[in-house]
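Heads up: the structure comes next, in structure tokens.
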Amino acid sequence: RSGNIFSHKCKHCGKESIASYNTVYEDEENKMMIFYSKSLIDIADAHSAIRMRKENAVSDNCNIRIVDSPNALKEKIRLFELGYDDRIIEIMKAAVLENKCESVREFGQIKEIVCWPVNDQYFELSIIGEVTKEYLLKKELYDMIKGKTKNMLAKEECPVEVNLDFAID
């Protein structure tokens, strides 16, 4: 919960380094299970593990997600802990990206887009590329999208890979 899940400190010299590895983050209180996988092969393995958990009823009423970066893992944890729907966040990201289409070239290759609440009125959206840009988004945008998509999202079985591709589809 400190946000430093992959940070390790050397006992001898005190130097901190980042070492990410495949992880299953499970939080029974918030009913979430997040698989972090660094490669497509590992993501396929995560899908298999999810199928087994569903067959064994381990995941009843649990939000299950697969992510492919440490930032995405932190994002999903924060969102679920605070009660936000990550599907709506992904739609927000797509809307901002479409709105900022003219300036997207300034980012170069976009590596990642993350978004999380900074307080009860704003979200911070970071577009990470060769250049990183951050935007403050009003919570009203989240509430508006939630209202407009409520019926559609309620009927749909939630996929485990909820990312920008989900929002664009």
>> Please give me the minimum heavy-atom distance between Ile34 and Phe80, naming the atom from each residue.
In response: CD1-CD1, 4.3 Å

> Tell me, do Tyr25 and Lys76 make a side-chain contact under 4.5 Å, heavy atoms counted?
Replying inline: no

> Just how far is it from atom NZ of Lys133 to atom CD1 of Ile128, taken to the nearest 0.5 Å?
Replying inline: 14.5 Å

>> Nearest 0.5 Å, please: how far is CG in Asp85 from OG1 in Thr149?
In response: 7.5 Å

> Are Glu90 and Lys93 ion-paired here, with the side-chain N under 4.0 Å from a carboxylate O?
Replying inline: yes

>> Is there a path of hydrophobic side-chain contacts, each under 4.5 Å between heavy atoms of I/L/V/M/F/W/Y residues, joining Leu141 to Met152?
In response: yes

> In chain order, what residues pass the side chain to side chain contact (heavy atoms under 4.5 Å, CB included) check against Pro117, with sequence neighbours excluded?
Replying inline: Leu79, Leu82, Tyr84, Phe123

> Heavy-atom distance under 4.5 Å between the side chains of Glu75 and Ile89, does that happen here?
Replying inline: yes

> Just wondering, do Ile113 and Val96 contact through their side chains at under 4.5 Å, heavy atoms?
Replying inline: no

> What residues, two or more places apart in sequence or in another chain, satisfy side chain to side chain contact (heavy atoms under 4.5 Å, CB included) together with Lys146?
Replying inline: Ile88, Tyr142

>> For Lys138, give me all partners under salt bridge (Lys or Arg N to Asp or Glu O under 4.0 Å), at least two apart in sequence or on another chain.
In response: none

> Rounded to the nearest 0.5 Å, what separation is found between the CE atom of Met32 and the CD atom of Glu81?
Replying inline: 4.5 Å

>> In the structure I gave you, are the side-chain heavy atoms of Met92 and Leu125 within less than 4.5 Å of one another anywhere?
In response: no

> Between Leu73, Thr23, Asp86, which is the residue that forms a side chain to side chain contact (heavy atoms under 4.5 Å, CB included) with Val67?
Replying inline: Leu73

> In Å and rounded to the nearest 0.5 Å, what is the CD1 to CE distance from Ile64 to Met33?
Replying inline: 5.0 Å

> Looking at residues at least two apart in the chain, or sitting in another chain, which of them share a side-chain hydrogen bond (donor to acceptor under 3.5 Å, both in side chains) with Lys139?
Replying inline: Asp143

> What residues form a salt bridge (Lys or Arg N to Asp or Glu O under 4.0 Å) with Glu112, not counting sequence neighbours?
Replying inline: none

>> Give me each pair satisfying side chain to side chain donor-acceptor pair (under 3.5 Å) with a member in residues 114-128, each pair once, sequence neighbours excluded.
In response: none

